[in-house]
2 protein chains.
Amino acid sequence: MGRGRERLVGMASARAMYHQLADTYRAKIVTEELKPGDRLPTEQELGEEFNITRGTVRDGLKVLVNEGLIVPARPRGYFVRPHELSYVRPQAEWRKQPASPEMDRWMEDQTVLGRTPSQHISVEIIPPPAKVAERLGLNEGDLVVARRRIRYIDDEPFNLNDSFYSYDLIKGSEILNPTDIPRGTNQALADLGYEQVRAIDEVEARMPLPDEVNRLQLGPGNPVLVHRVTGFTIDDKPVRCTVNVLIGSKHVMLFERSKAVGGSVS
Amino acid sequence: MGRGRERLVGMASARAMYHQLADTYRAKIVTEELKPGDRLPTEQELGEEFNITRGTVRDGLKVLVNEGLIVPARPRGYFVRPHELSYVRPQAEWRKQPASPEMDRWMEDQTVLGRTPSQHISVEIIPPPAKVAERLGLNEGDLVVARRRIRYIDDEPFNLNDSFYSYDLIKGSEILNPTDIPRGTNQALADLGYEQVRAIDEVEARMPLPDEVNRLQLGPGNPVLVHRVTGFTIDDKPVRCTVNVLIGSKHVMLFERSKAVGGSVS
DNA sequence: GAGTGGTCTAGACCACGGG
DNA sequence: CCGTGGTCTAGACCACTCA
């Protein structure tokens with residue numbers, strides 16, 4: 001029939017019904033009236049609560065799904081998204097000294113404990129992705145070695161770690177082996193005469209690309225944190241570009257700065 | 001009628017039609033067959049292309065909207081999402097210039113780029129949000145001063161910058177004024193006897209909360225980069241907690257490291 | 001088997017903005 | 001004005017999983 005939305009006589013409200021549903025339940029979730037893990041009413045029940053048909057109910061629920069607030073678990077219903085493991089990811093260079101007791105406890109709480117990590121490594125030789133070519137200063141036709149790792153925790157995908165090296169630089173080296181390199185690829189690079197003494201880090205947030213969705217098994221409403229590292233030799237030659245793709249809900253990057261403090265990290 | 005999806009005889013394919021539509025156009029977008037700013041066919045035309053009804057077409061398009069790949073612009077159609085300003089955000093510690101008149105390095109940066117920055121400042125005294133209370137080591141009943149800034153570039157919302165201070169610490173000081181503090185709030189804090197000599201940075205990616213959606217005027221498929229800074233005095237007392245909420249599509253955090261190189265930033 | 005969400009149809013009327 | 005997307009109805013059949 002398409003009677004449009006329910007307008008309260010004389011009122012200005014014109015919020016679509018499915019938005020009203022989303023607003024209502026979003027509020028319940030952020031105020032923790034509904035806590036992580038709690039079940040929402042069924043689509044049917046919501047339809048009765050708001051006097052709307054199932055299609056409209058689903059429009060409203062889809063909003064919340066895409067905001068990452070709820071997850072559908074058929075045939076058990078919709079659930080407020082549980083808090084996932086939040087892995088604190090300390091950055092190499094920054095010291096991790098005992099901070100205040102509060103901070104320590106807080107760090108402990110969030111650190112991975114008693115989990116079983118695993119990873120899968122593969123190596124390809126490919127034309128570089130645009131951003132990688134840019135950072136490594138490569139030209140049309142140049143090839144790179146892509147050393148790709150998928151990391152799991154308790155068999156759940158956790159993050160991607162793809163490192164790219166100019167093929168010309170490392171051809172014939174062990175970096176091409178799709179196995180773990182105990183002393184680290186950076187050391188291996190150094191042994192080839194390309195020690196890195198400087199790095200540029202880029203961090204951004206975005207929705208995952210199709211490939212990332214597949215590899216990390218991501219659902220809707222799940223952004224990723226992308227951490228790109230470009231390493232330079234003493235001659236300022238870029239020799240490595242690593243792209244870390246971290247599942248947003250499972251990671252917090254953490255680092256620490258001491259004195260110098262120009263203050264305004266804004 | 002609900003005939004279910006089109007199954008190719010003898011084939012295993014069982015991908016829902018709306019997913020097929022999304023897959024098809026997602027591919028065109030990531031391969032740049034459709035470039036940013038290009039218009040997609042109308043819902044009607046897509047329905048004919050895939051032999052599905054409008055409702056199903058809309059399901060497919062909604063997927064792409066929520067992935068941040070396309071934006072609907074009624075009544076002109078759907079468009080491949082244009083690239084937005086990506087502001088490289090250098091972190092304080094690595095900046096070249098010495099603490100220039102603190103006032104607004106942010107605004108300076110923007111002006112240099114030929115943009116017109118502006119900001120709106122407001123100050124409230126409130127019970128601290130949970131995460132802030134945790135970081136500042138506050139107890140139930142304690143109050144904080146929330147110094148909130150919304151920053152705009154060319155009148156478009158750009159990011160949020162909310163700083164929290166224990167009310168007990170700064171009551172009566174100029175930090176309570178909802179105006180710019182030329183020498184910087186950190187200097188003002190220092191003048192009160194709370195110079196910060198250490199800071200902990202946390203960075204994460206997530207979908208925006210309702211409040212953030214409002215303040216930053218965000219649409220679907222637009223995650224935020226959250227940068228939280230906690231500042232400590234020489235006595236390791238936390239005196240400031242700043243929460244930066246950056247629109248994902250408009251920011252890249254950038255920083256640089258030299259030597260020391262523990263290497264594995266993984 | 002019963003009940004949940006997943007997919008799809010075939011209509012309808014509305015709101016908005018560019019020509 | 002007209003075409004676009006925005007909202008909504010009232011059905012239908014399917015797939016999965018849990019009791």
Side-chain angles (χ1 to χ4, degrees), chain A residues 1-9 11-25 37-66 69-81 219-221, chain B residues 1-9 11-25 37-66 69-81 219-221:
Chain A
M1 292 201 302
R3 58 149 174 66
R5 64 204 56 144
E6 208 76 53
R7 292 172 194 285
L8 300 188
V9 183
M11 298 208 37
S13 163
R15 190 88 167 142
M17 287 309 295
Y18 79 94
H19 270 139
Q20 292 186 33
L21 186 157
D23 292 346
T24 301
Y25 278 85
D38 284 355
R39 205 195 115 155
L40 273 68
T42 65
E43 295 180 345
Q44 167 119 86
E45 291 164 342
L46 289 169
E48 288 159 9
E49 177 181 347
F50 290 88
N51 267 294
I52 52 182
T53 59
R54 190 173 158 233
T56 307
V57 170
R58 286 176 60 75
D59 282 347
L61 292 173
K62 195 168 302 189
V63 171
L64 300 179
V65 168
N66 286 315
L69 294 177
I70 65 176
V71 290
R74 195 182 47 166
R76 295 185 296 113
Y78 289 87
F79 293 81
V80 178
R81 188 155 162 189
Chain B
M1 295 200 297
R3 59 152 173 64
R5 65 206 55 144
E6 208 76 54
R7 293 172 194 284
L8 301 187
V9 183
M11 298 207 39
S13 162
R15 192 89 169 141
M17 286 309 296
Y18 79 93
H19 269 140
Q20 292 185 35
L21 186 156
D23 292 346
T24 301
Y25 278 86
D38 283 357
R39 205 196 114 155
L40 273 67
T42 65
E43 295 181 346
Q44 165 120 89
E45 291 163 341
L46 289 168
E48 289 160 7
E49 177 180 346
F50 289 87
N51 265 293
I52 53 182
T53 59
R54 191 174 156 230
T56 307
V57 169
R58 286 176 60 76
D59 282 347
L61 292 172
K62 197 168 302 189
V63 170
L64 300 180
V65 168
N66 286 316
L69 294 177
I70 65 176
V71 290
R74 196 182 46 165
R76 297 185 294 114
Y78 290 86
F79 292 81
V80 178
R81 188 155 161 193

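Within every chain, numbering begins at 1; the chains are lettered A, B, ... in the order of the sequence lines, protein sequences first and strands thereafter.
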For the pair [X] (side chain) and [Y] (backbone), establish whether a donor and an acceptor sit closer than 3.5 Å, ignoring hydrogens and angles.
X     : Y     : value
A:R81 : A:V65 : no
B:R58 : B:T53 : no
A:Q20 : A:R15 : yes

Rounded to the nearest angstrom, tell me the gap between atom [atom1] in [X] and atom [atom2] in [N].
X     : N      : atom1 : atom2 : answer
A:Q20 : D:dG6  : CD    : C1'   : 15 Å
A:R74 : D:dT17 : CZ    : C1'   : 9 Å
A:F79 : D:dC18 : CZ    : P     : 11 Å
B:I52 : C:dC8  : CD1   : P     : 7 Å
B:E43 : C:dA12 : CD    : P     : 17 Å
B:F50 : C:dC8  : CZ    : P     : 12 Å
B:K62 : C:dC8  : NZ    : C1'   : 14 Å
B:Q44 : C:dA10 : CD    : C1'   : 14 Å

For this session: Answer with base, sugar-phosphate or nothing: what part of the nucleic acid does B:T53 contact at a heavy-atom distance below 4.0 Å?
Result: base
Problem set entry | Options C:dG6, D:dC16, D:dT7, nucleotide nearest the side-chain atoms of A:P75 | D:dC16
Seminar exercise, completed: Quick note, A:Y78 side chain, CB onward, closest among C:dG6, D:dG6, C:dT9 is C:dG6
Seminar exercise, completed: Contacts of A:D59 and B:L61 projected onto DNA chain D by closest heavy atom; the upstream (5') one is B:L61
For this session: Taking the side chain as every heavy atom from C-beta outward, state whether B:V80 and B:L40 have any atom pair closer than 4.5 Å.
Result: yes
For this session: Using a 4.5 Å cut-off on heavy atoms from C-beta on, say whether the side chain of B:I52 contacts that of B:E49.
Result: no
Considering just the side-chain nitrogens and oxygens of [X], establish if one lies under 4.0 Å of OP1 or OP2 belonging to [N].
X     : N     : result
B:Y18 : C:dT9 : no
A:T56 : D:dT9 : yes
A:R58 : C:dG6 : yes
A:R54 : D:dT9 : no

